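Before any comments, here is the structure.
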Amino acid sequence: MDRELTKSLYKTMLLIRRTEERILEEMMKGKLASTMCHVSIGQEAVAAGVCDAMAPQDYLTSTHRGHGHFIARGGGLGRMMAELFGKETGYCKGRGGSMHITDITIGHLGANGIVGGHLGIAAGAALWSQISSNDAVTVCFFGEGATNEGITHESLNMAALWKLPVVFVVENNHYAMSLAWERSTAQLNFTEKASAYGIPGVDVDGQDALAVQEVAKAAIDRARRGEGPTLIGAHTYRFLGHSRADPSKYRSSEEEERERARDPLTILRTKAGTDVITDSDLEAYEAEVKQQLDDAVKFAEDSPLAQPSTVFEDIYA
Amino acid sequence: MPTMMYRDALRRALYEEMKADPRVFLLGEDIGLYGGAYAVTKGLLDEFGPQRVRDTPMSEAVIVGAAIGAAMIGGRPVAEIMYVDFMTLTMDQVVNQAAKIHFMFGGQITVPCVIRTQQGTGRGAGAQHSQSLESWFVHTPGLKVVTPATPSDAYGLLRASIQDDNPVIFLEHKGLYAIKEDVPEEPFVTPLGVAEVKREGADVTLITYSRMVHLALEVAAQLAERQIGVEVIDLRTLQPLDMETVLKSVSKTRRAVVLHEAVMTGGLGAELSARITESLFDQLLSPVRRVAARDVPLPANVALEKYVVPNAEQVISAIEETLAVKQIVR
């Protein structure tokens, strides 16, 4: 076991978890400027594992449930929090909010509010990488709900046909809002789905960060070698409702308990053992994360609000 | 000056931009080996190779999506969607993605891409291959919308569109590909957002764009014989919209007619009529008139199609109405 990798994955997941908990806390206090906010609690291993496998020049596209991808890719917490608080120092100048968080300087091509809307964009970024030989791979995160959108088929087909350097990562949290995965498709196996496009498909335990990192690394390396896309089905679980308004009445509490017991943080700690991630490590991580979040929230609070007149800016370049 | 067809002028613009800028590349259905459904891209595959002239699967959404993604990280793609009617299959990409990215992400990312497509009637292509859908795009802040009527403008405006840092919906007209005009040999760029007064006249301003410019000029010539001066304005781009030129002209003539091939309801005519009235209400001698296609789907039967779209008689009658009102006012 790679001790450094394990520690790093754990820290990333912890940072995502605590950040989203803090976001919910701030939301309850009425600090958020928008009503739109979707957290990925329970799904941290996918973001952490995949982003760890990416190279600095790589790109990613993200979803409405994108805090994890953003943080795992190294997005700054202060400007992220400022964005959620509707401040002009936010990454999107306080007009994007949680659902559209972006930082182009880390190769983040945007969190997208349209389910499946960014799959073509990911294919296009990879197309430009191929044409310009910029050695970058684009990672496209999407939920299993997006696999039933039309553009997903178009994008997978084009990427496979042209061997584009893109990796499609299905973050299968088992619920497209209220619709269970099993109620949405007759083919539950991503290896099989991928075979329709003539590309490799991998089903991986999305609660196991090390396993995710390993398949993502292989897929990204393959894409970088010019051998084309891979479809990764990372099976995870959305611990909370779709949004704050969702009490999750469409699933049983037994199911929720069973799945929550498979917490990616616990799984990694257990796999690593207490000698790799010691109790005092944990304490130190928690303290470090808390400080980071306090600083981020303070930065957001101290920042000026986005002014209404700025809505006329940036409509055209 | 060499005489050039509209389609050849477009090809010249693509060729020159691709020669000048290695970031420019083309993607679309049947644009390579086949040379484009309307032969605009003929020969470009041989010239620039399959990396930069890409025949795509029949996947309109990802054609536009891929253009957006490439544009976001440094490419300058020109995508071709064979018919504007097929733009319906790309609307999420156009409306929610291309138009929003620059604003929504706080100005961090630009989307310099051109979506070329063609629209309009004249070939009996039927309800799903003949529409004029410019209003949909004009209704979406973040897009630029270009509607060239002549070979010179097709060339100059396409070059400007490719050089622009914003997503541009470039609406050609299927009935114009074979029209000819002398186009200067010296390269030039026609800026977006500048209308052109195609013919001066003192009595009424006739505002139009795309193929209807030619009908407007025909009508203006006819009415000149009756000593009625029609000032014809070709808007050339609908977003940005050159209201300055429009209002200047209408301030002079004090009467306006808007002509377009798209259906009347919710069309550019309504927008222009409102803007002219808001600005010049007390100067107008008659209400602004609209001449547009009837509010029906387009039939494939050429005779029925002809009945739906505006003709010279309708334009003349609208102009006569604006002039008649003046007499009543007297």
Side-chain angles (χ1 to χ4, degrees), chain A residues 59 61 83 88 90-97 99-105 107-114 116-132 134 136 138 149-159 161-162 164 166 306 310-311 313-317, chain B residues 22-25 27 50-52 54-77 79 89-90 92-93 95-113 140-144 164-168 192-193 239-240:
Chain A
Y59 295 100
T61 62
E83 185 58 40
E88 67 176 35
Y91 277 107
C92 308
K93 299 183 184 171
R95 61 173 90 116
M99 202 156 55
H100 303 307
I101 201 97
T102 301
D103 180 6
I104 187 68
T105 65
H108 191 295
L109 300 180
N112 210 300
I114 305 296
H118 56 98
L119 273 89
I121 290 172
L127 171 60
W128 181 246
S129 290
Q130 186 182 72
I131 293 175
S132 67
N134 70 4
T138 298
E149 294 282 1
I151 194 170
T152 302
H153 167 64
E154 294 187 17
S155 303
L156 281 162
N157 182 59
M158 180 181 275
L161 178 70
W162 292 347
L164 299 178
V166 55
T310 61
V311 298
E313 295 167 11
D314 301 321
I315 297 166
Y316 293 96
Chain B
R23 298 171 302 173
V24 179
F25 70 97
L27 71 167
Q51 274 289 77
R52 292 178 71 197
R54 295 209 168 218
D55 274 321
T56 66
M58 288 214 170
S59 304
E60 285 80 7
V62 78
I63 291 169
V64 174
I68 296 167
M72 287 168 76
I73 64 164
R76 295 189 86 87
L89 298 163
T90 76
D92 167 55
Q93 297 303 306
V95 176
N96 293 319
Q97 312 297 339
K100 304 297 190 287
I101 283 170
H102 189 63
F103 176 86
M104 184 167 85
F105 298 149
Q108 291 186 60
I109 301 173
T110 54
V111 188
C113 67
T140 304
L143 302 175
K144 293 193 176 180
D164 199 277
D165 282 336
N166 297 285
V168 178
L192 306 186
Q239 175 57 259

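The sequence lines fix the lettering, A, B, ..., with proteins before strands; numbering per chain opens at 1. Computed from a predicted structure; not experimentally measured. Any value given below was found using the heavy atoms of this structure, including those in side chains, with hydrogens, waters and symmetry copies removed.
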Can you tell which part of A/Glu313 gets under 4.5 Å to a heavy atom of chain B, answering side chain, backbone, both or neither? backbone

Using non-hydrogen atoms and a 4.5 Å limit, figure out which bit of A/Ser155 sits close to chain B: side chain, backbone, both or neither. both

Output the option from A/Gly117, A/Ala159, A/Gly110, A/Gly96 having the highest count of non-hydrogen pairs under 4.5 Å with chain B. A/Gly117

Tell me, with the steps shown, if B/Arg54 and A/Trp162 meet side-chain contact (heavy atoms from CB on, under 4.5 Å). CA-CA 10 Å; B/Arg54 295 209 168 218; A/Trp162 292 347; 3.3 Å; yes

Could you tell me if the side chain of A/Ile104 sits less than 4.5 Å from the side chain of A/Tyr91, heavy atoms only? no

Side-chain donor/acceptor of B/Arg76 to backbone N/O of B/Asp164, under 3.5 Å: yes

If one checks every heavy atom of B/Lys144 against chain A at 4.5 Å, the contacting part turns out to be both

Can you tell if the side chain of A/Glu154 reaches within under 4.5 Å of the side chain of A/Asn157, non-hydrogen atoms only? no

Counting heavy-atom pairs under 4.5 Å with chain B, the top scorer among A/Asp314, A/Thr61, A/Asn134 is A/Asp314

Is it the backbone or the side chain of A/Ile315 that comes under 4.5 Å from a heavy atom of chain B, or both, or neither? both

Taking side-chain contact (heavy atoms from CB on, under 4.5 Å) as the definition, give me every residue that meets it alongside B/Gln93, ordered by chain and number, with sequence neighbours left out. A/Ile121, A/Ile151, B/Val64, B/Ile68, B/Gln97

Chain A heavy atoms under 4.5 Å from B/Asp165: which part of the residue, side chain, backbone, both or neither? both

Testing A/His100, A/Met99, A/His118 one by one against A/Asn112 for a side-chain contact (heavy atoms from CB on, under 4.5 Å), which residue passes? A/His118

By side-chain contact (heavy atoms from CB on, under 4.5 Å), which residues pair with B/Ala70, not counting sequence neighbours? A/Trp128, B/Phe25, B/Pro77

Counting N and O atoms only, with roles assigned by atom type, does the side chain of A/Glu88 sit under 3.5 Å from a partner on the main chain of A/Glu83, one being a donor and the other an acceptor? no

Given that the side chain runs from C-beta out, which part of A/Asp103 has a heavy atom under 4.5 Å from chain B: side chain, backbone, both or neither? both

Part of B/Ile73 within contact of chain A (heavy atom distance under 4.5 Å): both

Contacting region of A/Leu119 [heavy-atom separation from chain B under 4.5 Å]: neither

Please flag which part of A/Ala126 lies under 4.5 Å from any non-hydrogen atom of chain B: side chain, backbone, both or neither. neither

Taking every heavy-atom pair that is under 4.5 Å apart, which of B/Pro141, B/Gly74, B/Ala67 has the most such pairs with chain A? B/Gly74

Counting heavy-atom pairs under 4.5 angstrom with chain A, the leader among B/Ile63, B/Asp92, B/Val111, B/Ile101 is B/Asp92

Does some side-chain heavy atom of A/Leu127 sit less than 4.5 Å from a side-chain heavy atom of A/Met158? no

What I'd like to find out is whether the side chain of B/Pro57 reaches to under 4.5 Å of the side chain of B/Val62, using heavy atoms alone. no

Side chain / backbone / both / neither for B/Leu27 at chain A, heavy atoms under 4.5 Å: side chain

Looking at B/Ala99, B/Pro22, B/Gly142, which has the largest count of heavy-atom pairs under 4.5 Å with chain A? B/Gly142

